[in-house]
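Note on naming: letters A, B, ... go to the chains in the order of the sequence lines (proteins, then strands), and numbering restarts at 1 for each one. Everything numeric in this text was worked out from a predicted model, so none of it was measured.
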Amino acid sequence: MPELPEVETVRKGLETWVTGRRIALVEVRHPRAIRRHLPGAAHFAALLAGRTITAARRRGKYLWLPLDSGDAVIGHLGMSGQLLVQPADAPEETHLRVRFTFDDDGPELRFVDQRTFGGLAVSAGGAELPSEIAHIARDPMDPLFSDTGFTAALRRRRTEVKRALLDQTLISGVGNIYADEALWRSRLHGARPTDALTRPAADRLLGHVRDVLTEALGQGGTSFDALYVNVNGESGYFDRSLDVYGREGLPCHRCGAPIRREAFMNRSSFSCPRCQPRPRTAVRV
DNA sequence: AACGTAACCTGAACGC
DNA sequence: TGCGTTCAGGTTACGT
């Protein structure tokens, strides 16, 4: 679900609404939501009670809330997770998994997740960068992201370019929507072998990835339905700007050819059959 | 070691 | 109306 623009939208909301606040009580309503916190729910809650949240940070699609104890709450939204700031008397969401109350009697923080692919955990000493997410690459909006490092690593891979864009250890924050959008802008089919990309082609691709993420962020992300919302429950509207994702059969915004849909990793890839011809040779090992 | 796939879940939309 | 199938914005564990 949420890719970088959606997660960053949530991060900003957390920064506004929960930083500087002291946690009173944490209630775990579904154990699977904290399955990555191996010591379990009681331990999770005990580490958080009385702690103050000092910031809201993000690495790729992961979020973390540093605490005054030096620990951090790590969060990932998975496919259907939400972090919502809600008045204490707001009715419980159907898929409410974890609830945080604060000692200022202000609004609660709620982790809601229909499918529970996402989850929360406490990272011991993880305030700066939790070790659990140290394997995630920087994202292309990160000032320390290395463009040349990325393009060189990309061209060293022996895989297909869309797979590479989705590999969070190579570049983070990109998911199925923005990978397809960036590939369309680059006129590249996702099955193109990475090691056959020229240096300029790789540079252009990165530029389009960065552009589409920036534009989507400016519109609060992409929301097809109420599952993808900011901490106040509001939807982004980048879906109106999509060129290929979800547009099977509709005319390409560049050449008019009907957009094609192909199966990809138990999901779909969308592309223009004319602007993005399938490579003649598959990736060979 | 690097790469590709199956599995983890729930619910909405669709076809019969 | 109801039942079965398909699909969904992600990541990980486990094969090869």
Rounding to the closest angstrom, what is the interatomic distance between B:dC9 and C:dA13 at atom P? 14 Å
Looking only at side-chain atoms of A:H135, point me to the closest of C:dC7, C:dT11, C:dT12. C:dT12
Rounded to whole Å, CG of A:N176 lies from P of C:dC7 at a distance of 13 Å
Lys NZ or Arg CZ of A:R21 over A:F102 ring: under 6.0 Å, within 45°: yes
Can you see if the side chain of A:Q168 gets near the phosphate of C:dT11 - specifically, an N or O under 4.0 Å from OP1 or OP2? yes
What is the distance from CZ of A:R97 to P of B:dC8, rounded to the nearest Å? 17 Å
Residue A:R36, side-chain heavy atoms: nucleotide from C:dC7, B:dC3, C:dT12 that is nearest: C:dT12
Shortest side-chain distance from A:R157, nucleotide among B:dT5, B:dC3, B:dG11: B:dC3
Between A:F44 and A:H37, what is the ring plane arrangement, given parallel below 30°, perpendicular above 60°, and tilted in between? perpendicular
Any heavy-atom pair between the side chains of A:L242 and A:F270 that's under 4.5 Å? no
It should be established whether A:H30 places a side-chain nitrogen or oxygen under 4.0 Å from OP1 or OP2 of nucleotide B:dC9. no
Is the distance from OP1 or OP2 of C:dT11 to the nearest side-chain N or O of A:H76 less than 4.0 Å? yes
Counting side-chain heavy atoms from CB outward, which of C:dT12, B:dA6, C:dA8 is closest to A:S268? C:dA8
Please answer whether the main-chain N or O of A:A56 pairs with a side-chain N or O of A:R11 as donor and acceptor at a distance below 3.5 Å. yes
Ranking B:dT5, B:dA6, B:dG11 by distance to the side chain of A:N266, first place goes to B:dA6
Among B:dA6, C:dA8, B:dG11, which nucleotide sits nearest the side chain of A:M79? C:dA8
Could you state the atom-to-atom distance from CZ of A:F264 to C1' of B:dC3 in whole Å? 12 Å
Using only side-chain N and O atoms of A:R163, determine if any of them is under 4.0 Å from OP1 or OP2 of B:dT5. yes
Give a yes or no on whether a donor-acceptor pair under 3.5 Å exists between the nucleobase atoms of C:dA8, that is its base, and the side chain of A:R115. yes
Quick one: is B:dG4 close enough that its OP1 or OP2 comes under 4.0 Å of any side-chain N or O from A:T159? yes
Relative to each other, are the rings of A:F150 and A:F145 parallel, tilted or perpendicular (30° and 60° limits)? tilted
